[in-house]
Amino acid sequence: MKFTRRTLQSAAALTLLGAMAGTPAFAQDKPKVALVMKSLANEFFRTMEDGAKAHQKANASKYTLVANGIKDETDTAAQIKMVEQMVAQKINALVIAPADSKALVPAVKAAIDKGILVVNIDNQFDAAALKEKGIQVPFVGPDNRAGAKLVGDALAKELKAGDKVGIIEGVSTTFNAQQRTLGYQDAMKAAGVTVVGVQSGQWEIDKGNTVAAGMMREHPDLKALLAGNDSMALGAVAAVKAAGKTGKVLVVGYDNIGAIKPMLKDGRVLATADQFAAKQAVFGIETALKALAENKKQSEMPAEVKTDVVLVTKDSK
């Protein structure tokens, strides 16, 4: 057979096409990682997004990043749609802080079925819901219960046995909200302090304010409010001021957002926990990139990667 330039070019093209057919998209080009967060109205998630973007900029040759978050902490439907849109963009990995520990599982299962690696950050997926779908999703994040206990223990030093406190919980269907409440309850129980109620402030300032005001009206002798995040703590501080109880009703939070720092200094907030928002997404992204580089399947990824959480008070450096 006589080989012409045209037949050689055709053969080369066929060889390339054959190679591409058996090669994952991320091997031909930089992997595309999607970061899907909860409410970007919450400073914690804006800080998370900034950290992720800074990491991608420093590693621009290694991967591309597409990041987004919902407007409302409880808008689960919008987050499900966001995941579906990311999947349609032919991403290679999805790093997600789910608004609901159960409701996002089917969307994540659909992504995994399409060959997308999924990593869970911030709020852990419900173990039973994952098992029901037959999937394993690694959780990269802190121990929320232990972090909340650190905050609760710091508060307990300012209280005495028999004192009454209220807990302002995050969105009650989320694992991290439940774990933080348990951590607060662990600390109060150990100190002999009475928790008079647990009510959801939906992670938001206004709702946290409403719950805090209601608790103080119902329990005039309340000594402290334990908020599941700093946004709700901001609302609680405003409610305490409006009730004329600044210095009489103590407030603690969780997340160490920028807005809480002046309040730690002047005592309006006694303590919070820092789980390093800027690093949260980065830890998840790096876990995903490592798995992609090693050609790991979803089922071969680690079940959990623990990250740090520390107590922050006015004395912290």
Side-chain angles (χ1 to χ4, degrees), residues 44 101 122-124 141-205 207-241 243 245-257 260 263-264 267-275 308-316:
F44 179 81
S101 297
D122 179 63
N123 175 40
Q124 197 165 357
D143 184 328
N144 282 273
R145 186 169 184 168
K149 188 174 186 300
L150 287 174
V151 175
D153 286 343
L155 172 64
K157 290 175 184 174
E158 306 297 320
L159 302 172
K160 61 182 186 295
D163 279 349
K164 295 176 182 178
V165 303
I167 295 175
I168 308 173
E169 189 171 64
V171 174
S172 300
T173 55
T174 58
F175 185 78
N176 56 347
Q178 296 161 6
Q179 290 296 297
R180 290 174 197 178
T181 294
L182 286 170
Y184 285 154
Q185 288 171 329
D186 291 342
M188 295 304 99
K189 186 177 180 182
V193 171
T194 304
V195 176
V196 296
V198 177
Q199 291 182 47
S200 175
Q202 305 287 324
W203 298 127
E204 295 177 359
I205 297 173
K207 293 189 173 103
N209 178 274
T210 302
V211 170
M215 282 185 170
M216 286 187 290
R217 277 195 304 271
E218 193 176 341
H219 304 279
D221 54 347
L222 200 73
K223 297 295 183 185
L225 291 158
L226 298 90
N229 77 348
D230 285 343
S231 291
M232 297 186 299
L234 292 174
V237 166
V240 168
K241 183 182 178 183
K245 293 188 174 182
T246 301
K248 296 174 185 172
V249 176
L250 303 173
V251 177
V252 296
Y254 195 109
D255 277 343
N256 196 32
I257 63 174
I260 216 78
M263 297 185 180
L264 285 166
R268 283 176 290 168
V269 173
L270 183 76
T272 186
D274 194 343
Q275 56 173 340
D308 292 335
V309 57
V310 297
L311 176 70
V312 181
T313 66
K314 68 177 181 182
D315 299 321
S316 300

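These numbers come from the heavy atoms of this one structure, side chains and all, not from hydrogens, waters or symmetry mates.
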Q: Filter on side chain to side chain donor-acceptor pair (under 3.5 Å), then keep only pairs touching residues 180-191, sequence neighbours left out; what's left?
A: N144-R180, R145-D186, E169-T181

Q: I'd like to know if the side chain of D163 and the backbone of K160 have a donor-acceptor N/O pair within less than 3.5 Å.
A: yes

Q: Could you pull out the closest heavy-atom pair between G162 and T194, with the gap in Å?
A: O-OG1, 4.1 Å

Q: Ignoring hydrogens, what is the shortest heavy-atom contact between A187 and D153? Give both atom names and the distance.
A: CB-OD1, 3.3 Å

Q: So, taking the atom named CG in L264 and the one named OG in S316, what distance separates them when rounded to the nearest 0.5 Å?
A: 8.0 Å

Q: Can you tell me how far CD of Q199 sits from CE of M215, rounded to the nearest 0.5 angstrom?
A: 4.5 Å

Q: Say you draw a straight line from CZ of F175 to CG of L182; how long is it, rounded to the nearest 0.5 Å?
A: 8.5 Å

Q: Output, in order, the C-alpha distance, side-chain angles, deciding distance and verdict of side-chain contact (heavy atoms from CB on, under 4.5 Å) for V237 and V269.
A: CA-CA 7 Å; V237 166; V269 173; 3.6 Å; yes

Q: Once rounded to the nearest 0.5 Å, what's the spacing between atom CD of Q275 and atom CG of D143?
A: 10.5 Å

Q: Quick one: closest heavy-atom pair of S231 and I257, and the distance?
A: N-CD1, 4.4 Å

Q: Once rounded to the nearest 0.5 Å, what's the spacing between atom CZ of R268 and atom CG of L234?
A: 9.0 Å

Q: Which heavy atom in I168 sits nearest to a heavy atom in A236, and how many Å separate them?
A: CD1-CB, 4.0 Å

Q: Does L155 form a side-chain contact (heavy atoms from CB on, under 4.5 Å) with M188? I'd like the steps, not just the answer.
A: CA-CA 9 Å; L155 172 64; M188 295 304 99; 4.3 Å; yes

Q: Who pairs with E158 by side chain to side chain contact (heavy atoms under 4.5 Å, CB included), at least two apart in sequence or on another chain?
A: L250, L270

Q: Hey, could you give me the CG/OG1 distance between N256 and T313, rounded to the nearest 0.5 Å?
A: 10.5 Å

Q: Quick check: closest heavy atoms across G253 and A233, and the distance to 0.1 Å?
A: CA-CB, 4.0 Å

Q: Among pairs that include at least one residue of residues 212-241, which meet salt bridge (charged side-chain N to carboxylate O under 4.0 Å, His left out), considering only residues two or more places apart or in two chains?
A: K164-D221

Q: Taking all heavy atoms of W203 and all of N229, pick out the closest pair and write down the distance.
A: O-ND2, 3.1 Å

Q: Quick check against the 3.5 Å criterion: does S172 have a side-chain atom that pairs as donor or acceptor with the backbone of S200?
A: no

Q: Taking atom types as modelled, find out whether T272 and D255 have a side-chain donor-acceptor pair closer than 3.5 angstrom.
A: no

Q: Under 3.5 Å, side chain of K245 to main-chain N/O of A239, donor-acceptor pair present?
A: no

Q: Q124 and N176: side chain to side chain donor-acceptor pair (under 3.5 Å), yes or no, with the steps?
A: CA-CA 7 Å; Q124 197 165 357; N176 56 347; over 6 Å; no

